[in-house]
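Following: one structure in structure tokens, then a few remarks.
A, B, ... follow the sequence lines: proteins, then strands. Residue 1 opens every chain.
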There are 2 protein chains.
Amino acid sequence: MEYNAKQLQIIEVAERLFSQKGFAGTSVRDIAQEADVNVSMISYYFGSKEKLIEALFQLRMTESSTRLETLVMTSELSALQKFNVFIDSVIDRLMGNQCFHNIMLREQLSSERTPIITEYIRGLKLRNLELIKRMIHEGQEAGEFRKDINVSLMTTTLYGTVNYAIASKDFYKKLNELDHLNDEEFQQHLRGELSHHLKNLFKSTITNEHHIQN
Amino acid sequence: MEYNAKQLQIIEVAERLFSQKGFAGTSVRDIAQEADVNVSMISYYFGSKEKLIEALFQLRMTESSTRLETLVMTSELSALQKFNVFIDSVIDRLMGNQCFHNIMLREQLSSERTPIITEYIRGLKLRNLELIKRMIHEGQEAGEFRKDINVSLMTTTLYGTVNYAIASKDFYKKLNELDHLNDEEFQQHLRGELSHHLKNLFKSTITNEHHIQN
DNA sequence: TTAAAAATCAAACGATCGTTTGAAATAGTT
DNA sequence: AACTATTTCAAACGATCGTTTGATTTTTAA
């Protein structure tokens, strides 16, 4: 399925508003007004408000990252280096698509999701988990990683930390007195902090390396 | 402010429905029907739907845990032991009040919150962060903890992991083939796994201990 | 027992919801 | 140019939203 400019405009406005106000909290008239189209165009193009959010998911989900998969699976990096690349890619993906990932997180909290969206999310999570499992296994085979790693919970920590950091970013910004930074600068700052924090956190836990007391 | 039985009934039903379907996705008629009261009782008792969710926040927020604070600050436990107690208390608090914490997480994702709710959340986060900071500082003074700990992000990882684990628990349950467990058993299982996972994760990162290769 | 206060209810209020309609405007094709 | 197909629009549809009303019942207090 491919969309024309007007359809994409509607989808992008809907993405932002769903993220800010939730699906139920956003009216089709809100979307139509901000997208500068007539209200009836939403039903005309997508069938319904429900189908609109499904179209959004279908669009964002199929923006696949095979690039990352092949990099992670075929390159000459060490297992830990690959894992660190993956951490950065998760940070970039979530922070670069905050609106969509806000919506996705909200949908996970809800018990009222469409089967279609549930399946989209489930498929994405399965693919991510499989990729991580292969990375961990590779590191274990090479003797780099410990044998007793709970991959499920490690993944939960990775996505949970980034998601919660984004959800709490305003709090974090005021707390650390970063008001002097503009949005772009602050986002970059947060990415760097998260990257450093998560790499440190996991390195201590998954590798067999000795700690050197500092 | 104290509430009679009927008011508490309304608040509790509202808490469950807001958690399942979101604030905007829940109608006052939904709440009235499930709480077995007339629709007008909600306005009659609380003034409005908006005031109802504020009453919910006020009620849940004032269920304070000074018990934990005094335990953590005055007991004879080591810094790491205190921190582990705190980890368990976070897991218990979030898993024992999943409905309310779902609502709170959703409110954090939203850009449409009431100033009152925003302030409730901000105050809670500040108090939690201060408690953690004191614990970490105590451990650093005693030489138990490293000096270069990012308390903000550590807290983000703690709450982010537990929140995301709860949001993903259905996925986690199917993935690990735990369908044979009933709800109560599964919750206990998840608590234990989270506890072990988080304690391990942080111990490696915050303490000065040497790792022994296993 | 009686009067005041509180609680409950069905019904209705105006507003807004998602969606449809049918005509008008525009674009595309021959 | 003429015809078809697509897009756009104001208006209206019935449904549901949060809230209010005003009468009625129940509880409380004197």
Side-chain angles (χ1 to χ4, degrees), chain A residues 1-59 103 106-107 110-117, chain B residues 1-59 103 106-107 110-117:
Chain A
M1 192 62 194
E2 55 189 34
Y3 302 103
N4 62 38
K6 214 125 210 172
Q7 287 171 311
L8 284 175
Q9 193 179 352
I10 293 172
I11 290 179
E12 280 160 18
V13 168
E15 182 177 38
R16 179 168 50 82
L17 294 183
F18 288 161
S19 167
Q20 289 172 353
K21 322 201 288 177
F23 178 74
T26 304
S27 73
V28 290
R29 284 175 178 83
D30 288 339
I31 301 169
Q33 187 173 2
E34 298 230 5
D36 202 33
V37 300
N38 189 276
V39 210
S40 59
M41 299 308 288
I42 290 169
S43 295
Y44 176 72
Y45 276 132
F46 300 98
S48 69
K49 186 188 175 189
E50 190 69 47
K51 297 264 189 65
L52 170 59
I53 195 178
E54 289 174 7
L56 167 62
F57 267 82
Q58 191 250 14
L59 181 69
I103 297 171
R106 241 195 279 251
E107 288 294 318
S110 173
S111 62
E112 286 216 316
R113 346 158 211 170
T114 300
I116 293 176
I117 289 179
Chain B
M1 192 62 194
E2 55 189 33
Y3 301 103
N4 63 40
K6 214 125 210 172
Q7 286 171 311
L8 284 175
Q9 192 179 354
I10 293 172
I11 290 179
E12 280 160 17
V13 168
E15 182 177 38
R16 179 168 50 82
L17 294 184
F18 288 161
S19 168
Q20 289 171 354
K21 321 201 287 179
F23 178 75
T26 305
S27 73
V28 290
R29 284 176 177 83
D30 289 338
I31 300 170
Q33 186 172 0
E34 299 228 4
D36 202 33
V37 299
N38 189 276
V39 210
S40 60
M41 299 306 289
I42 290 169
S43 295
Y44 177 71
Y45 275 133
F46 300 97
S48 68
K49 185 187 176 190
E50 190 69 46
K51 296 263 188 68
L52 170 58
I53 195 177
E54 288 174 8
L56 166 63
F57 266 82
Q58 191 249 17
L59 181 68
I103 296 170
R106 240 195 282 250
E107 287 295 319
S110 173
S111 62
E112 286 216 317
R113 339 157 218 171
T114 301
I116 294 176
I117 289 180

Can you pull out the residues from residues 47-56 of chain B that lie within a 4.0 Å heavy-atom distance of DNA chain D?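 Only B:S48, B:K49 qualify.
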
Contact residues, residues 21-36 of chain B to DNA chain D [heavy atom, < 4.0 Å]: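 Those residues are B:T26, B:S27, B:V28, B:R29.
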
Using a 4.0 Å cut-off on heavy atoms, which residues in residues 8-17 of chain A reach DNA chain C? List them by number, or say none.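 Contacts with DNA chain C under 4.0 Å: none.
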
Determine whether a donor-acceptor pair (N or O, by modelled atom type, separation under 3.5 Å) exists between the side chain of [X] and the backbone of [Y].
X: A:Q7; Y: A:N4; result: yes
X: B:Q20; Y: A:S111; result: no
X: B:S43; Y: B:S48; result: no
X: B:S19; Y: B:I103; result: no

Ring of A:Y45, cation from A:K6 - is the NZ or CZ under 6.0 Å from the centre and inside 45° of the axis?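 No, A:K6 does not lie over the aromatic ring of A:Y45.
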
Ignoring hydrogens, what is the shortest heavy-atom contact between [X] and [Y]? Give both atom names and the distance.
X: B:I116; Y: B:E54; answer: CD1-OE1, 3.3 Å
X: B:S110; Y: A:R106; answer: CB-NH1, 4.0 Å
X: A:A14; Y: A:L52; answer: CB-CD2, 3.8 Å

Hey, could you give me the [atom1]/[atom2] distance between [X] and [Y], rounded to the nearest 0.5 Å?
X: A:Y44; Y: A:I10; atom1: OH; atom2: CD1; result: 11.0 Å
X: A:Q33; Y: A:L17; atom1: CD; atom2: CG; result: 10.0 Å
X: A:I42; Y: A:I31; atom1: CD1; atom2: CD1; result: 4.5 Å

Pull out every protein N or O sitting under 3.5 Å from an N or O of nucleotides 6-8 of chain C, one pair per line with the distance.
residue: C:dA7; atom: OP2; partner: B:Y44; partner atom: OH; Å: 3.1
residue: C:dT8; atom: OP1; partner: B:K6; partner atom: NZ; Å: 3.3
residue: C:dT8; atom: OP2; partner: B:Y45; partner atom: OH; Å: 3.3

Earliest and latest nucleotide of DNA chain D, 5' to 3', sitting under 4.0 Å from a non-hydrogen atom of chain B?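 Contacts span D:dC17 to D:dT21, reading 5' to 3'.
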
Salt bridge (Lys or Arg N to Asp or Glu O under 4.0 Å): which pairs involve residues 22-42 of chain A, sequence neighbours left out?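 Every salt bridge (Lys or Arg N to Asp or Glu O under 4.0 Å) pair that includes a residue of residues 22-42 of chain A, provided the two are not neighbours, is A:R16-A:E34, A:K21-A:D30.
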
With A:T114, which of A:K51, A:E107, A:E50 fulfils side chain to side chain donor-acceptor pair (under 3.5 Å)?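 So, applying the side chain to side chain donor-acceptor pair (under 3.5 Å) to A:T114 and each of A:K51, A:E107, A:E50, only A:E50 qualifies.
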
Return yes when atom CD of A:E112 has more than 12 non-hydrogen atoms of other residues, nucleotides or ligands closer than 6.0 Å, and no otherwise.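 Yes.
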
Please assess B:K49 against B:F18 for the test side chain to side chain contact (heavy atoms under 4.5 Å, CB included), listing each intermediate value before the final yes or no. CA-CA 11 Å; B:K49 185 187 176 190; B:F18 288 161; 4.2 Å; yes

